[in-house]
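In what follows, a structure is listed as structure tokens, so that the remarks can point back to it.
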Amino acid sequence: MKSQLEQLIQQAFDQLINRGDLDADFKANIQIIASKDAAQGDFATNVAMLNAKQAGMPPRQLAELLVPHMQDEQAVHKIEIAGPGFINFFLQADVNQSLVRKILEQGERFGLSDHGANKRIQIEFVSANPTGPLHVGHGRGAAYGATLANLLKAVGYDVQCEYYVNDAGRQMDILGTSVWLRYLDLAGEEIAFPSNAYQGDYIWDIAATLHREQGDAFRQPAVEVFKGVHADHPEGDKEKHIDDLIENAKALLGSEKYREVFDLALNTLVDVIRKDLAQFGVEFDEWFSERQLTEQGLVEKAIQTLQDKNRVYESHGALWFKSTDFGDEKDRVVKRDNGQTTYFASDIAYHMNKFDRGFEQVINVWGADHHGYIARVKAALKAMDYAPEKLEILLVQFANLYENGEKVAMSTRSGEFVTLRTLREDVGSDAARFFYVMRKADQHMDFDLNLAREQSTDNPVYYVQYAHARVCSVEKQCAEQNKEIDFNQAQMNKLENSHETDLLKQLSLYPDRLLSAAQRREPHIVINYLRELAHMFHAWYNAHKFIVDDEGLRNARIALAFAVRQVIKNGLLLIGVSAPQEM
RNA sequence: GCGCUCGUAGCUCAGUUGGAUAGAGUGUUGGCCUCCGAAGCCAAAGGUCGUGGGUUCGACUCCCGCCGAGCGCGCCA
């Protein structure tokens, strides 16, 4: 409807230009909004004000000139000029009535569009280090990313979901060594477990697997393991302590066995993460390995490319990328003085690789604590002559958990964190997905556990789901009362009370809201829409009986109720929440 | 100190990218089941949109200062 009105307005401007009322090079700026108040029609435009200056006349005068040229649109019943120069459109009543049939025909396809023109777009999200199970902070990124991916698919993009597995680097060495130390403990060695190692119980589990499958094959005497190792905290430096242990582990085990322990830990955790996400309704098309970048020489290639373009220099034995030339606040090391490439170097190679794989648009969903990296990654792309605007970095703020009015304290390293699994088992997948996406992603949010758990009126998830279940219940009632549902008998023009016209209008807005949510990367728009729709439905349900004797009215109302149910289901599906028949 | 994000009802948050009288949920108060599911509905009350300037027909929205909050500023990942 909006685009039809847009055309109508453009035509009116064209005619004014033809008549000479406006200059030939006049370019109209057109905006249309859905009116909030029924007194202001169904849609309104502010074109008269927006273009008044360019037209060289007051807004109201421009509006008076435009309106006579907007008469030949069937769907429009009445056009009014109001206030400082708003033009309000009142639609014919039957415009939205025919919409109900359209929704019922299109079913799950209602609301979808081909706006994205099948453009290839990649969205990378979660990408948590596989050093432990996912926690509730990752959950928000997972829910947000998955919903955004669904939205982009819904409006016609060819979407690929990717998880970047950080399976290289020091953190992973700490993980492998943590497992090995626990294993040594199980094998009977006296082990003082480092304060900086991973403390969680899952480390014990992996160690136990290793011990069960390999017996003492990986055992080394504790004296050797701790030989020449710096003291741990608080007497010494915990970072040096763990680094020394890693060195000893590599030396004592040899590269092959070390890799075995490392891979066991890695694979176990990636598997745990994958299953966690799957049970949360989040699936990835690709699990992209960081290690693979190094092994295939892509990191070296990236650095070489920068070198060829003269974007790097040496200083203090390290290799620096001159990112300040591209908007970063300081230059960054890509290769350390010990010859190792940095995480940032991998990231450059990774992003090059994304575009080399042919994606026209790339989206990264990052935790907000990473916002400092945006400038340097974009700088790298610029330096490589890739278009930095094709990389979109969306930030997700952390969610603070609240229970009984108190903030739940969390810290990853100490092992005191609430896992995503725990949350899901606690409040349920539906509530978790709904709550995470309910708030704008770049805002801090308070996640109220008590509320999410609650199966009551307070909980907005149930509120929306309940509307869906209620319609299902009406359908059942019809069967029980032997009232056959026959939409051919429906007299849609009998839907004339304000609840019904409000609902019809709300339904008509769905495709537009979906598009807007996708374009703005703001899935919470869909949730707000569904809450509004559910509220209008509940109000209607309370005010009017659907199963009435008048066959024409009864079928019309049931048709409308079914349309509402369909749209609620479609919307819930997008955010990964179920639409139950009963609850 | 510098940078990023933010400040809207007692609380949690929206506000259609600058539009008409700033909204919803929750909480408080009071109503609505002989009726298709009360996990619902209706009503009241609650605001100097942190603050002071600026831009214009028009500002919660854009610009600047100040106050306050969170995050980031490694040859870690």
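In what follows, every chain begins at residue 1, and chains take the letters A, B, ... in the order their sequences are listed. Note: hydrogens, waters and symmetry copies are ignored here, and every other heavy atom, side chains too, is used.
Spacing between G19(B) and U61(B) at atom P, rounded to whole Å, works out to 11 Å. G15(B) sits 14 Å from U8(B) when the P atoms are compared, rounded to a whole Å.
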Side-chain donor-acceptor contacts of residues 539-547 of chain A below 3.5 Å, not counting sequence neighbours, with atom names and distances?
residue	atom	partner	partner atom	Å
W540(A)	NE1	E500(A)	OE2	3.0
H544(A)	NE2	N497(A)	ND2	3.3

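Using a cutoff of 4.0 Å between basic side-chain nitrogens and carboxylate oxygens, R170(A) and D243(A) are scored as salt-bridged. Ion pairing between a basic and an acidic side chain is recognised when a charged N comes within 4.0 Å of a carboxylate O; R554(A) and E484(A) show no such pairing.
Separation of the F43(A) and F89(A) ring centroids does not fall under the 6.0 Å cut-off.
Nearer to the 5' terminus of RNA chain B, by closest-nucleotide assignment, is the contact made by Y541(A) (compared with the other of Y541(A) and H316(A)). Heavy-atom distances to RNA chain B give each of N129(A) and K545(A) a nearest nucleotide, and the one nearer the 5′ end belongs to K545(A).
Judged by distance alone with a 3.5 Å cut-off, a donor-acceptor contact links the side chain of N542(A) to the base of G40(B). With hydrogens and angles ignored, no donor-acceptor pair closer than 3.5 Å exists between the side chain of H370(A) and the base of G72(B).
In this view, E290(A) and N166(A), S346(A) satisfy the side-chain hydrogen bond (donor to acceptor under 3.5 Å, both in side chains) rule, not counting sequence neighbours. Legend: residues meeting side chain to side chain contact (heavy atoms under 4.5 Å, CB included) with D512(A), ordered by chain and number and at least two apart, are K2(A). Listed by chain and number, the residues in a side-chain hydrogen bond (donor to acceptor under 3.5 Å, both in side chains) with Q340(A) are R336(A) (sequence neighbours excluded). Partners of P194(A) according to the side chain to side chain contact (heavy atoms under 4.5 Å, CB included) rule, which considers only residues two or more places apart in sequence or in another chain, are L181(A), A197(A), D232(A), H241(A), I242(A), L245(A). Scored by the side-chain hydrogen bond (donor to acceptor under 3.5 Å, both in side chains) test, S127(A) finds E124(A) as partners (sequence neighbours excluded).
Only one option out of L151(A), I525(A), L509(A) pairs with L514(A) in a side chain to side chain contact (heavy atoms under 4.5 Å, CB included); it is L151(A).
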- [ ] Under 3.5 Å for both distances, Watson-Crick or G-U wobble, that's the pair rule; now give the dot-bracket for RNA chain B, with | marking pairs to another strand and [ ] for crossing ones.
- [x] (((((((..((((.....[...)))).(((((.......))))).....(((((..]....))))))))))))....

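Nucleic acid contact class of A82(A) (heavy atoms, under 4.0 Å, all strands): base. Residue D328(A) is classed as having no contact, given no heavy-atom separation below 4.0 Å to the nucleic acid. Counting any heavy atom pair closer than 4.0 Å across all strands shown, A375(A) reaches no nucleic acid atom.
The NZ-P distance, from K330(A) to G72(B), rounds to 16 Å in whole Å. If you take NE2 of H544(A) and P of C36(B), they are 16 Å apart, rounded to a whole angstrom. In this structure, F434(A) places its CZ atom 13 Å from P of G25(B), rounding to the nearest Å. In this structure, F86(A) places its CZ atom 6 Å from P of A20(B), rounding to the nearest Å. The CZ atom of F435(A) sits 11 Å away from the C1' atom of U26(B) (whole-angstrom rounding). One atom, CG of L175(A), and another, C1' of C76(B), lie 16 Å apart when rounded to the nearest Å. The distance from atom NE2 of H371(A) to atom P of C73(B) is 8 Å, rounded to the nearest whole Å. The CZ atom of R140(A) sits 12 Å away from the C1' atom of U5(B) (whole-angstrom rounding).
Sequence neighbours left out, the pairs with a member in residues 469-479 of chain A that pass side-chain hydrogen bond (donor to acceptor under 3.5 Å, both in side chains) are Y466(A)-R470(A), R470(A)-H538(A), E475(A)-R565(A), K476(A)-E582(A), Q477(A)-Q481(A).
In the displayed structure, Q489(A) atom CD is contacted under 6.0 Å by more than 12 heavy atoms of other residues, nucleotides or ligands. Other residues, nucleotides and ligands place more than 12 heavy atoms under 6.0 Å from the NE2 atom of H499(A).
Ring pair W366(A)/H351(A) is perpendicular by interplanar angle, where above 60° counts as perpendicular and below 30° as parallel.
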Sub-3.5 Å pairs of nitrogen or oxygen atoms, protein against nucleotides 11-16 of chain B:
residue	atom	partner	partner atom	Å
U12(B)	O2'	R439(A)	NH2	2.9
C13(B)	OP1	H444(A)	O	3.4
C13(B)	OP1	D446(A)	N	3.0
C13(B)	O2'	R439(A)	NH1	2.6
A14(B)	OP1	K440(A)	N	3.0
A14(B)	O2'	N528(A)	ND2	2.8
G15(B)	OP1	H524(A)	NE2	3.2
G15(B)	OP2	K440(A)	NZ	3.1

Nucleotide N/O of nucleotides 56-61 of chain B paired with protein N/O under 3.5 Å:
none

Open item on the list: As a quick check of understanding, evaluate salt bridge (charged side-chain N to carboxylate O under 4.0 Å, His left out) for K494(A) and D550(A), giving each step before the final call.
Closed with: CA-CA 10 Å; K494(A) 289 192 171 175; D550(A) 178 347; 2.8 Å; yes

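Contacts between residues 529-539 of chain A and RNA chain B, defined by a heavy-atom separation under 4.0 Å, are made by R531(A), H535(A), H538(A), A539(A). Across residues 318-326 of chain A, A318(A), W320(A) each have a non-hydrogen atom less than 4.0 Å from an atom of RNA chain B (numbered order).
Side-chain N/O atoms of R336(A) include one lying less than 4.0 angstrom from OP1 or OP2 on C76(B).
Between the side-chain ring of Y463(A) and the base of A39(B), no stacking contact exists by the 5.5 Å and 30° definition.
Of the listed nucleotides (C75(B), A38(B), U5(B)), A38(B) has the atom at the smallest distance from the side chain of R470(A).
When only modelled atom types and interatomic distance are considered, H230(A) and D237(A) share no side-chain donor-acceptor pair under 3.5 Å. A donor-acceptor contact closer than 3.5 angstrom is absent between the side chains of Y164(A) and N364(A). Judged by distance alone, the side chains of D173(A) and Y258(A) do bring a donor and an acceptor atom under 3.5 Å apart.
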